[in-house]
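We use all heavy atoms of the structure for the numbers below, so side chains are in, but hydrogens, waters and symmetry mates are not. These figures come from a predicted structure and were not determined experimentally. Chain A is the first sequence line, chain B the second, and so forth, proteins listed ahead of strands; every chain is numbered from 1.
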Protein chains: 2
Amino acid sequence: MATDDLMTRALEALGEDGPLSVEALRRLADLGDLPETMTIAEVSGHLGVSPHTLRYYERAGLVEVARDGHGHRVYDAEAVRRLVFLTRMRLSGMPMRDLRHYIALVDAGVHTVPERLEVLVGHRDAIRRRIRELTLSLMAVEYKITTYGGSAGPDVQTVGATTGEALPDEPPRRALPAERPAPSR
Amino acid sequence: MATDDLMTRALEALGEDGPLSVEALRRLADLGDLPETMTIAEVSGHLGVSPHTLRYYERAGLVEVARDGHGHRVYDAEAVRRLVFLTRMRLSGMPMRDLRHYIALVDAGVHTVPERLEVLVGHRDAIRRRIRELTLSLMAVEYKITTYGGSAGPDVQTVGATTGEALPDEPPRRALPAERPAPSR
DNA sequence: GTTTGCGTTCGAGCGCGCTCGAAGGCGTAC
DNA sequence: GTACGCCTTCGAGCGCGCTCGAACGCAAAC
């Protein structure tokens with residue numbers, strides 16, 4: 001996915017270990033002053049997505065883009081801003097389907113604002129869920145790494161044994177020193 | 001993806017808003033006492049992945065599963081534990097390719113432990129990156145929601161304007177009440 | 001016996017989000 | 001002129017991770 005690069009760049013711009021604050025957001029949002037119009041190559045460079053993908057988004061009905069006398073695309077600032085939004089949403093995992101829906105709402109006029117909000121809230125919740133999932137997985141992987149490394153991890157005891165390997169060629173599944181025999185619920 | 005359900009269930013088991021702690025991990029890891037052997041349907045129910053997917057994983061070389069007299073799969077505890085590991089890794093976004101690599105290492109013997117650790121560390125970092133990405137996106141979406149809702153959000157100013165919509169049918173892009181005119185860098 | 005239900009293998013198909021290639025137009029550089 | 005480079009459209013192809021269907025086997029229930 002081309003958009004992976006985008007976020008990578010965004011993260012780099014923020015400094016990998018920055019405070020990840022509203023301040024960071026402001027910097028992310030700071031697109032510089034967009035020129036009046038841009039070519040597809042410029043937009044591509046700016047957003048970090050390929051021209052192919054930009055054309056694809058247009059075909060998908062997510063943006064309308066004017067042509068110049070030669071049939072070449074001319075992206076105005078509004079189109080670029082929309083594309084920034086679109087790439088950001090794609091990056092956070094919103095499917096094309098939902099994006100099409102949202103854009104249809106936007107194009108349908110201001111009376112769809114409540115429904116747009118619903119979509120956004122739904123997506124926000126999806127992101128939150130995903131972060132929780134990943135946090136959980138992260139903990140499992142970190143635990144596994146520490147126990148693998150030998151520096152006997154914290155107090156979870158069964159995780160290592162649930163990895164389906166437990167160092168094959170070795171006595172499988174010695175119980176780690178348990179603190180308590182895990183309450184039955 | 002079938003595995004979505006798995007994590008959903010895991011999260012439910014933890015209580016959506018729980019402390020997300022090591023305690024939580026222990027519960028997740030607590031698979032109960034696995035029976036000696038299981039049928040494909042049992043494993044499927046236990047892990048929340050379809051029998052189709054279990055067969056697929058086997059075809060992919062991720063687990064070996066014995067057959068009974070009728071040619072039916074018989075999953076032993078080790079296979080189940082491995083599948084738990086595999087689904088957890090899939091859930092956290094590790095691609096099949098890497099999983100195959102990892103499993104090959106496991107099957108190659110204990111001397112591959114260092115390389116296994118490298119893989120795990122790489123994956124851990126990937127998860128961390130993804131969490132950071134999502135956190136960033138979450139902030140952007142939350143900001144957009146609050147400003148959309150009218151309850152003028154915190155102090156970022158440009159984000160709303162970068163969404164490519166800025167309430168069409170309305171004077172586009174009035175500057176929001178800025179606190180400071182964003183430093184030029 | 002036949003129906004129901006669960007299992008098997010194999011290969012094909014699908015949904016997603018790109019990604020690419022072919023065939024061609026236009027404008028500038030040499 | 002012609003080569004280069006960037007653009008266009010259109011449709012096909014791809015990588016991923018499943019997901020499914022067809023055709024069949026076996027066993028217990030009715």
Side-chain angles (χ1 to χ4, degrees), chain A residues 1-7 37-75 79 83 86-103 123 126 130, chain B residues 1-8 37-75 79 83 86-103 123 126 130 133:
Chain A
M1 198 190 290
T3 43
D4 286 351
D5 311 333
L6 214 204
M7 185 56 92
T37 66
M38 298 174 83
T39 67
I40 196 170
E42 288 163 350
V43 176
S44 168
H46 199 75
L47 271 71
V49 301
S50 76
H52 278 304
T53 302
L54 290 175
R55 294 189 199 104
Y56 168 69
Y57 286 172
E58 187 179 347
R59 266 193 289 178
L62 296 180
V63 250
E64 285 187 17
V65 184
R67 303 300 139 109
D68 67 9
H70 307 306
H72 290 196
R73 284 171 177 79
V74 179
Y75 290 86
L83 282 168
L86 291 171
T87 41
R88 182 172 291 149
M89 293 311 248
R90 286 289 310 119
L91 228 40
S92 60
M94 181 177 279
M96 290 293 286
R97 185 183 348 110
D98 296 0
L99 236 23
R100 273 193 294 266
H101 177 206
Y102 188 87
I103 288 302
H123 185 54
R130 187 59 185 149
Chain B
M1 200 190 290
T3 43
D4 286 350
D5 310 333
L6 214 203
M7 184 56 92
T8 302
T37 65
M38 298 174 85
T39 66
I40 196 170
E42 287 164 351
V43 176
S44 168
H46 199 75
L47 272 71
V49 301
S50 77
H52 279 304
T53 302
L54 291 175
R55 294 189 198 103
Y56 168 69
Y57 286 173
E58 186 179 347
R59 266 193 288 179
L62 297 181
V63 250
E64 285 187 15
V65 184
R67 303 299 139 107
D68 67 10
H70 307 306
H72 288 196
R73 285 171 176 78
V74 179
Y75 291 86
L83 282 168
L86 292 171
T87 41
R88 182 171 292 148
M89 294 311 249
R90 286 289 308 117
L91 228 39
S92 60
M94 181 178 279
M96 290 293 287
R97 184 182 349 110
D98 296 0
L99 235 22
R100 274 193 293 267
H101 177 206
Y102 188 87
I103 288 301
H123 184 55
R130 187 59 185 148
E133 289 175 5

Please work out if A/A60 contacts a base, only the sugar-phosphate, or nothing of the nucleic acid, heavy-atom cut-off 4.0 Å.
nothing

How close or far is atom P of D/dC6 from atom CG of A/D68, stated in whole angstroms?
16 Å

Taking NE2 from A/H72 and P from C/dC26, how many angstroms apart are they, rounded to a whole number?
9 Å

Counting side-chain heavy atoms from CB outward, which of C/dT19, C/dG17, D/dC7 is closest to A/T53?
C/dT19

Assign A/P95 to base, sugar-phosphate, or nothing according to its heavy-atom contacts below 4.0 angstrom with the strands shown.
sugar-phosphate

Please state how far atom CE in B/M38 lies from atom P in C/dC6, giving the value in whole angstrom units.
16 Å

Residue pair A/T39 / A/H72, side-chain donor-acceptor N/O under 3.5 Å
no

Calculate the interatomic distance between B/E58 atom CD and D/dC18 atom P; express it in whole Å.
15 Å

Is the shortest side-chain N to carboxylate O distance from B/E133 to B/R130 below 4.0 Å?
yes

Between B/Y57 and D/dC18, is there a side-chain N or O to OP1/OP2 distance below 4.0 Å?
yes

On the nucleotide C/dT9, are OP1 or OP2 found under 4.0 Å from the side-chain N or O atoms that B/R73 carries?
yes

Taking OP1 and OP2 of D/dT8, is either one under 4.0 Å from a side-chain nitrogen or oxygen of A/R67?
no

Mind checking the CG-CE spacing from B/L62 to B/M89? Nearest 0.5 Å is all I need.
12.0 Å

Residue B/R59, side-chain atoms from C-beta onward, closest of C/dC10, D/dC18, D/dC7:
C/dC10

Starting at atom CZ of A/R97, determine the distance to atom C1' of C/dC14, rounded to an integer number of angstrom.
14 Å

Contact under 4.0 Å: A/H70 side-chain N or O vs C/dG27 OP1/OP2:
yes

Which distance, rounded to the nearest 0.5 Å, do you find between the CG of A/L86 and the OH of A/Y57?
7.5 Å

Quick check against the 3.5 Å criterion: does B/S44 have a side-chain atom that pairs as donor or acceptor with the backbone of B/V49?
yes

Any side-chain N or O of A/R90 under 4.0 Å from OP1/OP2 of C/dC18?
yes

5'-most contact on DNA chain D: A/T39 or B/Y56, nearest heavy atom basis?
A/T39

To the nearest angstrom, the NE2-C1' distance between A/H52 and D/dT8 comes to 12 Å

Between D/dT8, C/dC18, C/dT9, which one does the side chain of B/R55 approach most closely?
C/dT9

Separation of D/dC16 P from B/H101 NE2 (nearest whole Å)
16 Å

Length of the line joining B/M89:CE and D/dC16:P, which is rounded to integer Å
18 Å

